[in-house]
Amino acid sequence: DPSADGALDARFGPDGVVAGKLENRRQLARRLSLVVGPRTLLVAAGPLPGGREGRAFVDAIVASTRLDVAFVIAAGGDRAMTEAARVAAIENPSHIAVLPTNDEGSWRQLLAAADAVLLPTADPWARGAGLAQRYGALPLAPSTGAFADYLVDFDGGSRTGSALLFPPAEGGGIAHVLTRAAVLRGQSDLWSALAAQLMAAAPSWASAATQVEALRQSVEHDESVDAA
């Protein structure tokens, strides 16, 4: 809960999400030497997957540095892809950084600062999306599995939706969703309202944990029945 999270530089709730995230963003950018302007889209990327999906993530991140976008990538993912991200950070020091440690407190600090979170497919319960919303960050998620069941693609006209979705394992889809997010971030009033909307709509962590556990048990029961 960002209103009570002691790891954050500034705690905040739905009513103070804009100011709270701004302060967390300012402190994170200072620590990581990122250049983050008032309308820069700050994207958190979860631990990178391996294989083709991981390569698609890294390639899309590097390609998107031509936009007003900065990336902070969590440590602890696939070793080869994390090393590729570190090389990209050396080549683009103002736009890409890799967290030096892989711990929950550092990840929550990143979520509190980030505008959006780029999520891999390896999250069968979409817990990463729920936590992102809880911290006022827009999930950028593959349109598959629990993500497709739980998230609704954002529509700018009606201002409804809880995420931006992209086709899984497609570098072009990831680049496109990052461009969409950057365009939305440039609309300050819309973005501020969206961050508050995400926090207000996010289920409480206790409720979310209960729902996830129930879903997990249901799936495991179905698999055991099928195996029998």
Side-chain angles (χ1 to χ4, degrees), residues 2 5 7-46 57 60-74 89 92 94-99 106-120 128-142 147 151-156 159-166 174-202:
D5 192 337
L8 306 188
D9 293 298
R11 302 174 189 177
F12 59 91
D15 292 338
V17 60
V18 174
K21 289 188 73 70
L22 180 61
E23 180 59 22
N24 283 288
R25 169 192 181 95
R26 182 183 296 116
Q27 296 300 328
L28 182 74
R30 180 186 57 81
R31 287 194 294 270
L32 299 177
S33 300
L34 290 171
V35 176
V36 180
R39 295 191 178 186
T40 300
L41 177 74
L42 180 58
V43 179
F57 268 52
I61 287 170
V62 172
S64 296
T65 56
R66 63 182 174 78
L67 304 171
D68 190 8
V69 181
F71 296 90
V72 180
I73 300 166
N92 302 273
S94 299
H95 295 278
I96 302 174
V98 179
L99 287 178
S106 295
W107 179 243
R108 296 197 311 275
Q109 286 178 349
L110 177 53
L111 291 180
D115 298 306
V117 182
L118 183 60
L119 296 162
L131 187 58
Q133 291 175 315
R134 189 70 174 157
Y135 280 72
L138 181 68
L140 310 179
F147 291 122
L151 301 173
V152 177
D153 194 62
F154 181 75
D155 177 72
R159 296 196 175 192
T160 58
S162 54
L164 296 182
L165 303 177
F166 60 88
I174 299 170
H176 178 66
V177 83
L178 288 168
T179 300
R180 285 183 65 196
V183 170
L184 286 174
R185 182 63 181 83
Q187 304 174 55
S188 298
D189 292 343
L190 184 152
W191 192 268
S192 297
L194 176 58
Q197 177 182 318
L198 289 170
M199 287 194 71

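Treat the numbers as computed from the prediction; the structure is a model and nothing was measured.
- Within a 6.0 Å sphere centred on CG of Asp189, other residues, nucleotides and ligands contribute 12 heavy atoms or fewer.
- No side-chain heavy atom of Phe166 sits less than 4.5 Å from a side-chain heavy atom of His176.
- Heavy atoms only, all atoms of each residue included: Ala129 and Phe147 are closest at CB-CE2, 4.0 Å.
- Rounding to the nearest 0.5 angstrom, the gap separating the CG atom in Asp155 from the CG atom in Leu164 is 11.0 Å.
- Without hydrogens or angle criteria, Ser162 side chain to Val152 main chain gives a donor-acceptor distance under 3.5 Å.
- Summarising the geometry, atom CZ belonging to Arg66 is positioned 6.5 Å from atom OG belonging to Ser64; distances are rounded to the nearest 0.5 Å.
- The two residues Arg180 and Phe154 make their nearest non-hydrogen contact at NH2-O, 3.2 Å.
- Using a distance-only test at 3.5 Å, with no hydrogens or angles considered, a donor-acceptor pair links the side chain of Gln109 to the main chain of Ala7.
- Remark: side-chain polar atoms of Thr65 are paired, donor with acceptor, to backbone N or O of Val62 under 3.5 angstrom.
- Between Val177 and Leu165, the shortest heavy-atom contact is CG2-O, 4.0 Å.
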Practice item. Apply side-chain contact (heavy atoms from CB on, under 4.5 Å) to the pair Gln133 and Leu151, showing each step before the final yes or no. Key: CA-CA 11 Å; Gln133 291 175 315; Leu151 301 173; 4.0 Å; yes
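- With values rounded to the nearest 0.5 angstrom, Leu194 atom CG is found 10.5 Å from Thr160 atom OG1.
- Atom CG in Asn24 sits 11.0 Å away from atom CZ in Arg11 (nearest 0.5 Å).
- In this structure, CD in Gln187 is found 11.5 Å from OG in Ser192, a value given to the nearest 0.5 Å.
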Review point. Is there a salt bridge (charged side-chain N to carboxylate O under 4.0 Å, His left out) between Arg134 and Asp5 once you walk through the steps?
Key: CA-CA 12 Å; Arg134 189 70 174 157; Asp5 192 337; over 6 Å; no
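- Side-chain contact between Val36 and Leu28 is absent, with no heavy-atom pair separated by less than 4.5 Å.
- Note that CG of Asn92 is 11.0 Å distant from CG of Leu34, once rounded to the nearest 0.5 Å.
- Proximity of Leu138 to Leu140: side-chain heavy atoms (C-beta onward) are separated by under 4.5 Å at one or more points.
- Closest of all the heavy-atom pairs between Ala112 and Phe12 is CB-CE2, 3.9 Å.
- Counting heavy atoms from C-beta on, the side chains of Pro139 and Val117 never come closer than 4.5 Å.
- When all heavy atoms are compared, the tightest approach of Asp115 to Trp191 is O-CZ2, 3.3 Å.
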Point to revise | side-chain contact (heavy atoms from CB on, under 4.5 Å) between Val17 and Leu198, worked out | key: CA-CA 10 Å; Val17 60; Leu198 289 170; over 6 Å; no
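- A salt bridge links Arg31 to Asp9: at least one charged side-chain nitrogen sits closer than 4.0 Å to a carboxylate oxygen.
- Annotation for Ala181 and Leu41: closest pair CB-CD2, 3.6 Å, computed over non-hydrogen atoms.
- Although no hydrogens or angles enter the test, the distance criterion places no donor-acceptor pair under 3.5 Å between the side chain of His95 and the main chain of Phe71.
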Review point. Please walk me through it: do Val69 and Ile61 pass side-chain contact (heavy atoms from CB on, under 4.5 Å)?
Key: CA-CA 9 Å; Val69 181; Ile61 287 170; over 6 Å; no
